[in-house]
Amino acid sequence: MAIIDPGHAAKQLIYERAFRSATLIAAVLVLLILGGVAISLVRGAWPALSHFGFSFITREVWNPVTDQFGALAPIYGTVVTSAIAMVIAVPTGFGIALFLTELCPPLLKRPIGVAVELLAAVPSIIFGIWGLFVLAPVLQRHVQPWLIRNLGDLPAIGHLFKGPPYGIGILTAGVVLAIMVLPFIAATMRDVFDTVPPMLKESGYGLGATTWEVIWNVVVPHSRVGIVGGIMLGLGRALGETMAVTFVIGNAHRISSSLLAPGTTISSAIANEFTEAVGDLYTSSLIALGLLLFLITFTVIALAQAMLRRLERRSGAVV
Amino acid sequence: MNRRMLRKIKNGAFLSLSLVATLTGLACLAAILWTLISHGVSGMSGRLFTQMTPPPGGQGGLLNAIYGSGVMTLLGILIGSPIGVLAGTYLAEYGRNSRLSMLVRFINDVLLSAPSIIIGLFIYEIVVVKMGHFSAIAGALTLAVLAIPVTLRTTEDMLNLVPIGMKDSSAALGAYPWRTTLSVLYPAARSGIVTGLLLAIARISGETAPLLFTALNNQFWSTNLNAPMANLPVVIFQFALSPYKDWQDLAWAGALIITVTILLLSISARVLLALLQAERGS
């Protein structure tokens, strides 16, 4: 009855150590990837950053012929297109999340939820090709002329809607981005709304509140952190989105006062020009753009994750 | 009474708006699918799967691009998913509450949402520049890096769903954690982990931006992993923006193929997950 075989136990211990180390190495590799991304971007961007200095992010010029590069136009384009996207997608996403959690008949809840999630699975290049061939002509023929006629002469904001309706441009890119980030915002908000304890909502209804009053005065305050987290997650996506924007932005390195004019964003400039860039300074300037994008999106996404995490812990403590 | 009416009207207005928002979202999905089908079906033909991408103005298919996408996606998953699964195992089993795990979890969530073009630049710097040329290997590595966060996240979540009693039973029989993980936890979480793999494939097979400067493109048939390789997304990008009608038709056909593939993958992932939950519930 030799139950314990010392050789067997020793072998088990070796396997155990090997497996444990393999999982640990894989986990550490995730950290190394992020570190590697940061280091390689800084190294690649160094020639441009040391050559132009701080003025790299304050100059609008982008001239491969004279080797003069400034990031202001792409930064402007990135910020403005993302802002347009958020203005459209946040209320719409909020509406969808509200519909799914409070209004939707149970039978439809799953199909509609899945449909929204499928919209998130559509690759960005599909949004790009659709934006260029379907959305841009529609905007050019119907929406932009209306904007120019009705808003173009207003004081203060009129200049945003001046000029010819190109179809492609900052506004169109913003609209495509809005459709792209919509499912992320809607899905996160839905999940956040689901964490509100039913007891709180029932208390609201018990006091005679309408559905909207319960949502606005109970659900929203309770899930505020999560809502902001979801919005920032969507913003992170919008800032870094590449292909969809590249198709419809028009790739013009200038800052126009009109939203209808073509522009450029950080990611679309990289996608459009990287393989064609000749000269070290040109390539390095594009990588410097990538570094900027990395810093911006990292900050936004990290903040979003921190907020969502806080919410998770809190709801975990309540349940 | 008046005030009550006002509240009711306000309620009705906002609830209608939320319905409108939902319909808008669904309409966008429908519009995109409709455009893809109406443009893509006319480009569908046997040629698509038997001929190479044509020169400007010529006729041809997408065979080399479909092959290239398949190869690079497969390689990406083969390299990326073991790392993701192992790291997920570490987070769920070995270092559940350690400081390192918290950090890895956080960084992984950041990578999950990070712009893919940045990952492309990273691989360009460490692979393409070092090798001196674009290659299918570089493309596959990019996709691998993009696949890791998805598989890691699902693996951890799914392992956490395995009832603790199963783990305890295995430990009570004297099994070491590695044996428990391989023989009890992985089988128990199998459909969940497969879901993660499907989602990762769906995520990377449509990636375009990072392939632009890693795998680049190749007009010809090539199985050389050390050379540029054609792939569907980059071909769609190039052909859709061209002035040639034949190229644009091919781009639409490619777009339809890629979207149908990805939607099928996403739907199967969801069905698997639903089955898993039903199993748990019973």
Side-chain angles (χ1 to χ4, degrees), chain A residues 12 15-16 19-20 22-24 26-27 29-31 33-34 36-37 40-41 43-44 92 95-96 98-99 103 112 114-116 118-119 121-126 129-130 132 134 179 182 186 210-213 233 236-237 240 242-243 267 270-271 274-275 287 290 293-294 297-298 301-302 305, chain B residues 7-8 10-11 14-15 17-19 21-22 24-26 28-29 32 35-36 83 86-87 89-91 94 100 103-104 106-111 113-115 117-119 121-122 125-126 145 148 152 176-178 202 206 208-209 212-213 216 233 236-237 240 251 255 258-259 262-263 266 270:
Chain A
Q12 284 290 316
Y15 288 146
E16 175 59 27
F19 187 71
R20 196 195 154 96
T23 62
L24 179 64
L29 197 63
V30 173
L31 302 183
I33 288 174
L34 192 82
V37 170
S40 68
L41 284 180
R43 259 186 38 193
T92 317
I96 294 177
L98 196 159
F99 180 83
L103 290 178
I112 295 181
V114 169
V116 170
L118 284 187
L119 190 61
V122 174
S124 68
I125 187 159
I126 305 298
I129 186 171
W130 179 77
L132 179 64
V134 179
I179 301 172
L182 180 62
T210 61
T211 309
W212 171 252
E213 284 164 349
L233 213 54
R237 294 257 169 191
T242 309
M243 294 324 290
S267 50
I270 302 172
F274 199 80
T275 38
I287 296 178
L293 181 64
F294 175 73
T297 49
F298 184 88
I301 297 169
Q305 292 298 348
Chain B
R7 285 173 56 206
K8 277 200 158 164
K10 198 170 159 192
N11 186 45
F14 278 111
L15 295 189
L17 279 178
S18 93
L19 180 65
T22 310
T24 311
L26 294 179
C28 287
L29 181 65
I32 289 171
T35 311
L36 280 177
I83 298 174
L86 282 174
T89 309
Y90 180 81
L91 297 191
Y94 286 113
L100 175 71
L103 184 64
V104 171
F106 184 72
I107 295 297
N108 188 66
D109 281 351
V110 170
L111 282 177
S113 313
I117 193 163
I118 303 271
I119 307 296
L121 282 178
F122 166 56
E125 281 288 310
I126 65 164
V145 172
I148 291 174
L152 190 158
Y176 276 88
W178 76 271
T208 316
L212 283 173
F213 32 82
L216 200 65
I236 294 172
F237 178 51
I258 238 178
T259 311
I262 289 173
L263 291 188
S266 309
R270 256 160 256 283

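So that the names make sense, note that chain A is the first sequence line, chain B the second, and so on, each numbered from 1. What you are looking at is a predicted structure, and each value in this text was computed from that prediction instead of being measured.
Only the side chain of Ile126(A) comes within contact range of chain B, judged by heavy atoms closer than 4.5 Å. In this structure, chain B has heavy atoms under 4.5 Å from both the backbone and the side chain of Val30(A). With a 4.5 angstrom heavy-atom cutoff, Ile32(B) touches chain A via backbone and side-chain atoms both. Looking at Ile179(A), only its side chain comes within 4.5 Å of chain B, counting heavy atoms on both sides. Using a 4.5 Å cut-off between heavy atoms, Leu15(B) contacts chain A through both its backbone and its side chain. For chain B, the nearby parts of Leu293(A) are the backbone and the side chain; heavy atoms of each come within less than 4.5 Å. When heavy atoms are compared at a cutoff of 4.5 Å, Leu212(B) approaches chain A by way of both its backbone and its side chain. Looking at Thr242(A), only its side chain comes within 4.5 Å of chain B, counting heavy atoms on both sides. For Leu118(A), the parts lying under 4.5 angstrom from a heavy atom of chain B are both the backbone and the side chain. Only the side chain of Leu41(A) comes within less than 4.5 Å of a heavy atom of chain B; its backbone N, CA, C and O stay farther away. With a 4.5 Å cut-off on non-hydrogen atoms, Ile83(B) touches chain A through its backbone and its side chain both. Heavy-atom distances place both the backbone and the side chain of Thr211(A) under 4.5 Å from chain B. Within the 4.5 angstrom heavy-atom criterion, only side-chain atoms of Leu103(A), from C-beta onward, approach chain B. Looking at Ala202(B), neither its backbone nor its side chain comes within 4.5 Å of chain A, counting heavy atoms on both sides. Of the atoms belonging to Ser124(A), not a single heavy atom falls under 4.5 Å from chain B. In this structure, the portion of Leu216(B) lying under 4.5 Å from any heavy atom of chain A is its side chain and not its backbone.
Note that CD1 of Ile301(A) is 10.0 Å distant from CZ of Phe106(B), once rounded to the nearest 0.5 Å. Here the CG atom belonging to Asp109(B) is positioned 4.0 Å from the CD atom belonging to Gln305(A), to the nearest 0.5 angstrom. One finds the CG atom of Leu111(B) at 6.5 Å from the CD1 atom of Ile33(A) (value rounded to the nearest 0.5 Å).
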| Derivation of the side chain to side chain contact (heavy atoms under 4.5 Å, CB included) call for Arg7(B) and Trp212(A) | CA-CA 9 Å; Arg7(B) 285 173 56 206; Trp212(A) 171 252; over 6 Å; no
| said: Test side chain to side chain contact (heavy atoms under 4.5 Å, CB included) on Val122(A) and Ile262(B); report intermediate values, then the result. | reply: CA-CA 7 Å; Val122(A) 174; Ile262(B) 289 173; over 6 Å; no
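Proximity of Leu24(A) to Leu100(B): side-chain heavy atoms (C-beta onward) are separated by under 4.5 Å at one or more points.
Residue Leu121(B) comes nearest to Gly290(A) through the heavy atom pair CD1-CA, 3.8 Å, listed as atom of the first residue, atom of the second, then distance. Across Leu86(B) and Ala26(A), no two heavy atoms sit closer than the pair CB-CB, 3.6 Å. Residues Gly95(A) and Thr22(B) come closest through the heavy atom pair O-OG1, 4.2 Å. A pairwise comparison of heavy atoms in Ile236(B) and Ile129(A) identifies CG2-CD1, 4.1 Å as the closest pair. Closest of all the heavy-atom pairs between Thr23(A) and Tyr94(B) is OG1-CD1, 3.5 Å. Taking both residues in full, the closest heavy atoms of Ser113(B) and Leu233(A) are given as OG-CD1, 3.9 Å, listed atom of the first, atom of the second, then distance.
For the set Gly206(B), Ala255(B), Ser18(B), the entry with the most heavy-atom pairs within less than 4.5 Å of chain A is Ser18(B). Each of Pro177(B), Ala114(B), Cys28(B) has some count of heavy-atom pairs under 4.5 Å with chain A, and the biggest count is that of Pro177(B). Between chain B and the options Thr92(A), Leu119(A), Ile125(A), Leu98(A), heavy-atom pairs under 4.5 Å are most frequent for Ile125(A). When Ile258(B), Ile107(B), Asn108(B) are compared by the number of non-hydrogen pairs under 4.5 Å with chain A, Ile107(B) comes out ahead. Of the residues considered (Thr259(B), Leu17(B), Val145(B), Val104(B)), Val104(B) shows the highest number of contacts with chain A, using heavy-atom pairs under 4.5 Å. The candidate with the highest count of non-hydrogen atom pairs below 4.5 Å against chain B, out of Gly240(A), Ala186(A), Ser40(A), Ala271(A), is Ser40(A). In terms of heavy-atom pairs under 4.5 angstrom with chain A, the leader among Ile119(B), Thr24(B), Leu263(B) is Leu263(B).
Using the six-membered ring where Trp is involved, Phe213(B) and Phe274(A) have ring planes that are tilted, between 30° and 60° apart.
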